[in-house]
Amino acid sequence: MAEKYDVIIIGGGPAGLSAGIYAARARLACKLIEKAALGGLIVNAEKVENYPGFADGVSGLELTELMQSQAQKFGLDTVIGEVQGLTLNDSLKTITTSAGDYDTRAVIVASGSEHNKLGVPGEEKFTGRGVSFCATCDGYFFQDKTVAVVGGGNAALAEALNLTKFASKVFVVHRRGELRATKIVQERALANPKIEFRFNTAVSAIEGGDFVKSLKLEDTENGKASTLKVDGLFVAIGFKPNTEFLKNTVPLDGAGYVITDEKMATPVPGIFAAGDVRSSSIRQVIGAAGDGAVAAIYAERYLSEPH
Amino acid sequence: MAEPTIISDHDFEEKVIKATKPVLVDFWAPWCRPCQMLAPVIKDLSAEYEGKIDFAKLDVDQNPLTASQYHVMSIPTVFVFKGGKPASQLVGFKPKEELKKALDAALGS
């Protein structure tokens with residue numbers, strides 16, 4: 001027999017935790033399922049400067065730990081397990097996970113997204129041997145070395161700026177001619193003497209022996225190939241949504257994100273989505289937290305209506 | 001409650017290389033957030049595998065020699081040593097189930 005709930009929240013980042021705070025405080029029978037560890041992608045952020053209320057900034061880890069203790073204070077129950085599938089039987093939904101099955105009347109999908117990989121030769125082989133997805137973790141291993149960051153968004157430039165504390169030289173390789181990052185972050189990166197930009201350039205392969213030695217680059221305008229000698233490569237080229245388990249139940253947009261209305265409701269009654277997993281998400285902690293609250297409030301209203 | 005032993009460059013040989021049981025070594029650093037997320041998972045596992053596998057953690061910032069000897073360039077990195085040699089290496093945050101597979105493999109013959 002599957003355990004039965006009012007609402008199951010899938011994902012323990014800011015969206016899921018915020019939904020959890022609201023749902024637990026509303027005394028709904030709820031459970032949050034997280035596949036790895038609570039906190040979500042934001043835990044890797046050294047400093048969150050734009051979350052209202054924290055005028056001096058706060059680390060991503062500290063912020064999510066505060067959200068966790070707040071949710072736990074209201075009695076939110078969490079379980080570690082990977083969601084494998086979601087099936088609908090009339091108004092009841094069954095969630096299959098590696099930690100067991102759960103029946104629930106409402107679902108809040110807050111499963112977020114994960115880092116895109118480059119998908120070029122050498123990436124897998126050199127992961128942990130010069131290729132990294134976390135500059136705050138691994139910058140230390142590149143003291144006085146030359147590194148490259150691939151990407152042109154906020155994450156890429158934050159990684160590059162962080163790496164200047166260790167590396168002697170940081171190349172930013174970006175396939176377009178201009179950056180997508182917020183202006184203030186761009187200004188900081190452009191003013192940093194250790195950072196050199198390679199615009200209209202794509203990485204086509206990562207080469208080396210036991211460790212990364214160089215990158216094969218390709219000019220995205222004329223296709224011209226070149227080589228860049230680096231000791232490390234940090235990949236920050238966007239994200240893909242964690243929506244595999246929803247494929248046959250909930251409509252997704254072309255990139256695989258969940259489509260919702262302004263109530264965070266999907267077209268499937270009783271299934272809501274919040275945070276980065278949602279189509280048109282602003283990918284900010286404040287947005288995720290707001291989405292989570294909206295989803296929980298409308299889930300509660302859904303539950304109070306006759307079905 | 002079992003806790004991973006804090007080890008250093010100085011006692012790595014004694015605690016890991018010369019250990020009779022398999023040893024899980026968690027290479028971490030205080031500034032690494034995924035390492036902090038991994039710590040409670042490792043702690044749980046150390047209780048689960050108590051008596052069968054030794055658990056140790058090594059701060060790469062304080063102990064650069066061992067980290068460079070094993071070419072650790074990304075943290076968290078978890079090694080499972082068996083008979084003084086690395087039997088498996090897992091780079092990045094890994095869920096409990098994946099770590100258990102490496103531990104169970106080290107316990108097998």
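Naming: A, B, ... by sequence-line order, numbering from 1 per chain.
- Neither the backbone nor the side chain of B/Glu98 comes within contact range of chain A; no heavy atoms are under 4.5 Å apart.
- Near-neighbour residues of residues 60-81 of chain A relative to chain B, defined by a heavy atom under 4.5 Å from a heavy atom of that chain, comprise A/Leu61.
- Between atom CZ of residue A/Phe234 and atom OG of residue B/Ser74 there is a gap of 7.5 Å, rounded to the nearest 0.5 Å.
- Contact of the B/Pro34 side chain with the A/Cys137 side chain is registered, since non-hydrogen atoms from C-beta on lie closer than 4.5 Å.
- Between atom CD1 of residue A/Ile42 and atom CZ of residue B/Arg33 there is a gap of 10.5 Å, rounded to the nearest 0.5 Å.
- For chain B, the option among A/Gly139, A/Gly130, A/Ala37 with the highest count of heavy-atom pairs below 4.5 Å is A/Ala37.
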Check against side chain to side chain contact (heavy atoms under 4.5 Å, CB included), A/Glu82 and B/Glu97: CA-CA 10 Å; A/Glu82 187 150 15; B/Glu97 292 306 312; over 6 Å; no
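- The number of heavy atoms from other shown groups lying within 6.0 Å of CD (A/Glu244) does not exceed 12.
- Of all non-hydrogen atoms in B/Trp31 and A/Thr136, the two that sit nearest each other are CD1-O, 2.7 Å.
- Around the CD1 atom of B/Ile6, the shell of radius 6.0 Å holds no more than 12 heavy atoms that belong to other residues, nucleotides or ligands.
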Full working for side chain to side chain contact (heavy atoms under 4.5 Å, CB included) between B/Met73 and A/Phe142: CA-CA 8 Å; B/Met73 294 175 86; A/Phe142 296 90; 3.8 Å; yes
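- Few gaps surround CD on B/Gln69; more than 12 heavy atoms of other groups in view lie less than 6.0 Å from it.
- Under a cut-off of 6.0 angstrom, the local environment of NZ in A/Lys213 is sparse, with at most 12 non-hydrogen atoms contributed by other residues, nucleotides or ligands.
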Full working for side chain to side chain contact (heavy atoms under 4.5 Å, CB included) between B/Ile75 and A/Tyr140: CA-CA 10 Å; B/Ile75 48 174; A/Tyr140 167 82; 6.0 Å; no
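- Heavy atoms only, all atoms of each residue included: B/Met37 and A/Val43 are closest at SD-CG2, 3.2 Å.
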